[in-house]
S.K.: 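Questions regarding the structure given below will be posed in turn.
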Amino acid sequence: QPQLVESGGGVVQTGGSLKLSCSASGRTFSTYVTGWFRQAPGKERQFVAAIRWRDGTTYYADSAKGRFTISKDNARNTVYLQMNSLKPEDTAVYSCATISRERPQYSYYIGAYYNYWGQGTQVTVSS
């Protein structure tokens, strides 16, 4: 199974930027979709963005559109999440996850359909 490791989290002021990375190792050839989710204390896990590996199609939560960009580097088996114009409400633990077989697009937005998860990286946006 693939192992996922996130990096790039930290503390940033409102309006600042961060770029998160999700590096995959192990059995990565069957990865179909990689997604980013976030969870703030006391709140449910929330979809942020996803990218489909076969064609690079991207998917975003409304809260991420226009501010966040998901991308991938095939050679490095890495997915990035560039986050700009950060707000205090973006504060959360950000985790990447993968879907390992072809599924319909609605599943990309739902954490229960993802097979493997990283440990997460903390993002804190100060006001």
Side-chain angles (χ1 to χ4, degrees):
Q1 65 185 39
Q3 288 80 47
L4 305 176
V5 178
E6 302 94 337
S7 61
V11 180
V12 65
Q13 291 187 331
T14 298
S17 299
L18 283 174
K19 186 174 184 177
L20 306 183
S21 299
C22 172
S23 298
S25 60
R27 292 175 61 88
T28 61
F29 60 86
S30 62
T31 298
Y32 188 71
V33 168
T34 298
W36 284 97
F37 290 78
R38 67 186 184 186
Q39 188 165 20
K43 296 188 176 181
E44 292 189 354
R45 184 173 59 198
Q46 182 181 51
F47 170 79
V48 178
I51 188 165
R52 188 166 59 193
W53 279 81
R54 74 161 190 252
D55 58 8
T57 302
T58 56
Y59 306 83
Y60 294 95
D62 287 343
S63 60
K65 289 178 183 175
R67 299 190 300 129
F68 296 1
T69 303
I70 189 170
S71 62
K72 63 181 176 69
D73 184 329
N74 290 25
R76 289 182 168 84
N77 282 326
T78 299
V79 170
Y80 304 99
L81 184 68
Q82 176 68 48
M83 304 187 295
N84 300 327
S85 302
L86 284 162
K87 307 173 183 180
E89 51 263 44
D90 294 318
T91 295
V93 174
Y94 285 71
S95 301
C96 64
T98 61
I99 295 174
S100 59
R101 63 180 182 88
E102 185 171 358
R103 284 191 174 276
Q105 291 184 21
Y106 74 84
S107 67
Y108 306 167
Y109 298 85
I110 303 170
Y113 287 103
Y114 285 74
N115 307 103
Y116 304 107
W117 291 81
Q119 292 299 309
T121 185
Q122 176 70 45
V123 171
T124 302
V125 184
S126 62
S127 57

S.K.: Donor-acceptor pair, Q82 side chain versus Y80 backbone, under 3.5 Å?
M.R.: no
S.K.: Hey, can you pull the donor-acceptor pairs under 3.5 Å for the side chains in residues 64-71, sequence neighbours left out?
M.R.:
residue: K65; atom: NZ; partner: D62; partner atom: OD1; Å: 3.2
residue: R67; atom: NE; partner: S63; partner atom: O; Å: 3.4
residue: R67; atom: NH1; partner: S85; partner atom: O; Å: 3.0
residue: R67; atom: NH1; partner: D90; partner atom: OD2; Å: 2.7
residue: R67; atom: NH2; partner: S63; partner atom: O; Å: 2.8
residue: R67; atom: NH2; partner: D90; partner atom: OD1; Å: 3.0
residue: R67; atom: NH2; partner: D90; partner atom: OD2; Å: 3.4

S.K.: So how far is it from C22 SG to K72 NZ, rounded to the nearest 0.5 Å?
M.R.: 13.5 Å
S.K.: With side chains defined as the heavy atoms from C-beta onward, is the minimum distance between W36 and S95 less than 4.5 Å?
M.R.: no
S.K.: According to side-chain hydrogen bond (donor to acceptor under 3.5 Å, both in side chains), does anything in residues 4-18 pair up with another residue at least two apart or in another chain? List the pairs.
M.R.: S17-N84
S.K.: Decide yes or no for V123 and L20: does some side-chain heavy atom of the first lie under 4.5 Å from some side-chain heavy atom of the second?
M.R.: yes
S.K.: Should L18 and Y60 be regarded as members of a common hydrophobic cluster, given that ILVMFWY residues are connected when their side-chain heavy atoms come within less than 4.5 Å of each other, either directly or indirectly?
M.R.: yes
S.K.: If we only count heavy atoms from C-beta on, is the Q3 to Q1 side-chain gap below 4.5 Å?
M.R.: yes
S.K.: Closest approach of Y114 and A50, non-hydrogen atoms and distance?
M.R.: OH-CB, 3.7 Å
S.K.: Hey, does R52 have a side-chain heavy atom less than 4.5 Å from the side chain of Q105?
M.R.: yes
S.K.: Give, for atom OG1 of T78 and atom CG of L4, the distance between the pair rounded to the nearest 0.5 Å.
M.R.: 10.5 Å
S.K.: Contact between S107 and I99 at the side-chain level, heavy atoms closer than 4.5 Å - yes or no?
M.R.: yes
S.K.: Considering all heavy atoms of both residues, which atom of A92 and which atom of A40 are nearest to each other, and what is their separation?
M.R.: CB-N, 3.8 Å
S.K.: So among F47, Y108, Y106, which one has a ring pair (Phe, Tyr, Trp, His ring centres under 6.0 Å) with Y113?
M.R.: Y106
S.K.: Find out if a path of hydrophobic residues (ILVMFWY) with successive side-chain heavy-atom gaps under 4.5 Å connects V12 to V48.
M.R.: yes
S.K.: Got I51 and Y59 here, is their nearest side-chain heavy-atom distance under 4.5 Å?
M.R.: no
S.K.: At what distance, to the nearest 0.5 angstrom, does CD of Q122 lie from CZ of R38?
M.R.: 12.0 Å
S.K.: Is any side-chain heavy atom of W53 closer than 4.5 Å to a side-chain heavy atom of V33?
M.R.: no
S.K.: With ring-ring contact (aromatic ring centres under 6.0 Å, His included) as the test, would you mind laying out the steps for W117 and F37 before giving the verdict?
M.R.: CA-CA 10 Å; W117 291 81; F37 290 78; 5.1 Å; yes
S.K.: We want to know whether Y32 and R101 form a side-chain donor-acceptor pair, criterion being a heavy-atom distance below 3.5 angstrom.
M.R.: no
S.K.: Say whether, by atom type as modelled, one donor and one acceptor occur between the side chain of T91 and the main chain of T124 under 3.5 angstrom.
M.R.: no
S.K.: Taking the side chain as every heavy atom from C-beta outward, state whether Y94 and M83 have any atom pair closer than 4.5 Å.
M.R.: yes
